[in-house]
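Nothing fancy with the numbering, it's 1 onward along the sequence.
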Amino acid sequence: MKKQLSTVKHALALSLGLLSFTAHSSDILTAEEIVGLQQVAQAQVSPSGDNVAFTRYVPRELYKEENGLHWAELYLVDDKGVERPYITGQVTVNNIQWSADGSVIYFLAKMGEDKFTALYQIPFSGGQAQKTFELKGTDVASYALSHDGKQIAVIAKPAKDKSVKELKKLGFMAEVYEEDLTNKQLFVVDLAVSDKPLTPVAWNIEDYVSDVQWSADGEQMLVKTQPTALIDDKYMKSQWHIVNTADQKVVTSFITEGKLGDAEFSHDGKYVAILGAEDKHDPAAGRLFLAETKTGKVSEWLPNHLGHVSDFEWKKGKNELYFITNINTDSVVGLIKPGSNKYKEVVKAGKFIASQLSISDSDKTVALRANTAKHPNEVYLLRGNKHKATKVSNSNPWLDDKRFAKQESISFKAKDGVEIGGVLIYPLDYKKGQRYPLIMSVHGGPESHDKDGWLTNYSRPGQLGATQGYAVFYPNYRGSTGKGVDYSKLGQNDYAGKEFDDLVEFKDHLVDMGLVDSKKVGITGGSYGGYASAWAATKLTKHFAASVMFVGVTNQLSKFGTTDISNEMHLVHARSYPWDKWQWYLERSPIYWAGQSETPLLIMHGKDDPRVHPAQSMELYRYMKVQGKDVRLVYYPGEGHGNRKAAAQYDYHLRLMRWMDHYLKSDNKEMPAHELDHKAKLEAVNKED
């Protein structure tokens with residue numbers, strides 16, 4: 001009898017899609033498992049190189065935990081792969097750093113009764129976390145420890161005046177748009193445990209401070225500023241400066257143009273490595289520069305590099321720099337010396353997709369995050385002269401028992417001779433000669449590209465789509481990164497032009513391969529990928545049988561006036577203003593072609609999106625709705641430019657796949673029902689408890 005009840009319970013859970021909440025008994029991926037995936041967020045190697053402290057993202061449990069962002073737990077792992085939990089449960093730990101002697105791990109968090117984010121420490125030997133210090137009335141946004149461990153540079157906003165809260169209660173809540181802004185400031189304090197909130201004096205820096213790094217001797221700091229708190233200023237007007245710590249005076253300002261990334265002193269202080277852009281029209285901060293600290297001279301370290309550098313870190317013992325560069329759909333870890341434009345590949349293409357380097361004081365260990373086609377980000381160590389790579393964390397051991405579909409990079413020349421490519425995931429149990437429905441998943445940016453690593457999440461079907469009989473393709477259309485600056489500029493001044501014509505060529509290529517049924521092709525994507533999905537459903541409607549648009553652009557005229565990155569749009573995408581050519585902007589907008597649409601379109605959008613205003617989705621929805629087109633609009637309250645909370649991610653994924661199944665796996669003429677039966681799943685989970 002017990003066995004029969006167990007079988008019935010198993011069948012009920014499976015039918016409701018709930019089995020994976022409590023077990024991973026199937027050998028194929030489920031939607032619940034994808035939304036519940038854990039992965040490494042940050043990894044920092046100890047000074048000795050024998051241990052790595054890392055944070056792991058843990059999504060909230062569906063139908064059990066209150067709505068909110070994922071948790072972030074703190075773990076340690078040694079070079080043998082033995083993990084030790086340090087701070088777990090309903091906590092959010094971030095920005096971890098080791099003390100100079102390796103005895104303590106610092107981190108930012110709100111714990112206990114904290115009203116604001118504070119700096120904490122926990123002994124390497126274990127024990128309770130202890131608050132190191134907090135600022136009075138404001139969050140510690142970020143921090144950097146001096147190399148001798150005696151001081152700490154802190155970035156934070158000034159505390160709000162008490163009158164603000166009182167006046168708000170009385171109804172004085174007027175908002176002056178883009179003027180009533182508060183800059184983050186720089187504070188430097190002695191590193192000592194404090195029982196009372198600190199109120200240090202901010203350094204005299206007028207601009208918004210966004211980042212800071214110490215020199216090895218502690219006499220200077222690299223300080224990154226931007227004119228205001230605006231995201232557009234962050235993208236296009238940031239600058240790095242060398243500042244003397246003794247008198248707080250700027251010694252050198254590095255003159256770079258366009259987007260700007262990280263910077264770091266060499267250990268001897270002679271050089272600064274900088275991640276930046278080739279010019280103000282370069283879409284991405286993917287160029288590696290070498291700057292001289294004495295003269296301020298900046299030169300490109302890897303001129304004409306046909307890839308995009310994403311991260312770097314200096315060796316501690318001598319002037320050599322480790323860096324990660326993404327080339328085509330692969331990543332490479334390189335090692336380069338000042339004075340040379342040639343680098344040694346210490347991890348070759350095809351091993352994994354790497355990010356976030358961390359190097360021990362002895363230089364014997366390089367830690368990094370990396371993912372592959374079979375797992376999300378984990379901690380890897382590089383050791384020895386040959387930099388042997390070892391995966392030492394395992395956030396989702398149940399993935400080891402899953403079957404994965406074949407995944408590969410493909411490339412070919414478009415009709416005009418431009419090389420285009422992407423990553424193809426075949427249907428699970430693919431049979432040669434059989435044709436399958438296709439989901440084309442288009443990346444955003446467009447200053448981005450998809451790599452041949454882990455490609456499955458709530459909004460991008462990947463391996464999950466493959467288990468359901470789909471071919472899934474990730475196109476790196478012209479204008480994507482990974483092939484150098486010139487290639488990344490190919491889409492400029494040509495919104496929805498040849499860049500989206502490439503999507504049709506991708507489709508035709510997959511059909512010509514004998515893989516895809518030309519009449520069963522769906523498309524989806526977010527942000528610029530959402531723009532592509534809207535364009536596919538309107539201008540390119542003859543080529544796509546279903547479309548799911550996420551936080552996408554539908555009207556280039558109103559987009560410019562409602563986004564928080566209009567200056568960036570002008571400099572690295574449009575290369576013109578709407579008033580320069582009104583009609584052209586209108587004709588490059590999906591709303592202009594809504595009348596001819598024959599493609600059922602599901603539109604989804606975060607209601608608090610600052611990047612692509614939710615009205616962009618409303619516009620296309622209304623243009624299509626009044627003309628009797630098959631269209632549906634779903635808003636997610638509390639979400640921005642992408643869903644970050646587990647429940648919204650799960651709901652999104654269910655709607656995405658139901659839309660594709662409805663139109664690509666049958667000949668349905670009516671739209672699927674708008675409801676999802678969350679109530680039944682909630683009741684099933686409650687019964688299990």
Side-chain angles (χ1 to χ4, degrees), residues 40 42-52 54 77-81 261-268 271-275 285-290 300-375 377-393 409 449 451-454 481-484:
V40 171
Q42 184 191 4
Q44 291 291 303
V45 68
S46 64
S48 68
D50 295 325
N51 294 276
V52 178
F54 70 93
V77 64
D78 63 20
D79 55 4
K80 302 294 190 298
D262 294 337
E264 184 181 323
F265 281 109
S266 62
H267 198 67
D268 63 5
Y271 303 102
V272 173
I274 301 173
L275 202 58
R287 302 297 95 193
L288 181 62
F289 294 92
L290 183 65
E300 191 166 355
W301 206 343
L302 292 171
N304 304 313
H305 178 58
L306 298 181
H308 279 78
V309 177
S310 62
D311 192 27
F312 58 79
E313 186 160 343
W314 289 96
K315 273 189 166 186
K316 304 300 191 294
K318 55 183 177 179
N319 281 344
E320 289 185 296
L321 186 88
Y322 284 101
F323 67 94
I324 297 170
T325 179
N326 297 306
I327 303 173
N328 293 318
T329 59
D330 293 311
S331 71
V332 170
V333 180
L335 185 60
I336 192 170
K337 298 177 181 179
S340 173
N341 298 136
K342 296 181 179 180
Y343 63 91
K344 174 185 177 183
E345 290 188 358
V346 300
V347 178
K348 297 184 180 297
K351 186 74 175 179
F352 44 61
I353 304 302
S355 60
Q356 202 182 93
L357 293 163
S358 176
I359 303 173
S360 66
D361 286 352
S362 62
D363 289 328
K364 79 172 185 178
T365 304
V366 178
L368 48 79
R369 292 187 317 171
N371 65 80
T372 71
K374 293 186 177 181
H375 66 76
N377 280 327
E378 297 288 0
V379 180
Y380 278 73
L381 298 183
L382 306 182
R383 285 277 187 85
N385 294 332
K386 295 185 177 180
H387 295 87
K388 181 182 178 182
T390 305
K391 181 166 76 79
V392 293
S393 70
S409 298
H449 72 283
K451 307 168 192 68
D452 192 6
W454 185 258
T481 52
K483 291 179 179 287

Got a donor-acceptor contact below 3.5 angstrom from the [X] side chain to the [Y] backbone?
X	Y	answer
S266	N319	no
S358	A367	no
S46	S360	no
T372	K374	yes

**Message:** Test of understanding: with side-chain contact (heavy atoms from CB on, under 4.5 Å), list the residues that count as partners of K318, not counting sequence neighbours.
**Reply:** K315, E320
**Item:** Flag if over 12 foreign heavy atoms under 6.0 Å of NZ, K351
**Value:** no
**Request:** Could you please spell out the steps behind the side-chain contact (heavy atoms from CB on, under 4.5 Å) verdict for V366 and L357?
**Result:** CA-CA 7 Å; V366 178; L357 293 163; 3.8 Å; yes
**Request:** Considering non-hydrogen atoms only, spot the tightest contact between A285 and G261 and give its length.
**Result:** CB-N, 4.0 Å
**Prompt:** Do you know which of D330, T329, N328 makes side-chain hydrogen bond (donor to acceptor under 3.5 Å, both in side chains) with S409?
**Reply:** T329
**Request:** Would you list the pairs meeting salt bridge (charged side-chain N to carboxylate O under 4.0 Å, His left out) in which at least one residue belongs to residues 357-366, sequence neighbours left out?
**Result:** D50-K364
**Message:** Could you check, using the six-membered ring where one of them is a Trp, whether H387 and Y322 have ring centers closer than 6.0 angstrom?
**Reply:** yes
Could you pull out every donor-acceptor pair under 3.5 Å between side chains of residues 334-346 and any protein atom, sequence neighbours left out?
from	atom 1	to	atom 2	distance (Å)
S340	OG	K342	N	3.1
S340	OG	K342	O	3.3
N341	ND2	W301	O	2.8

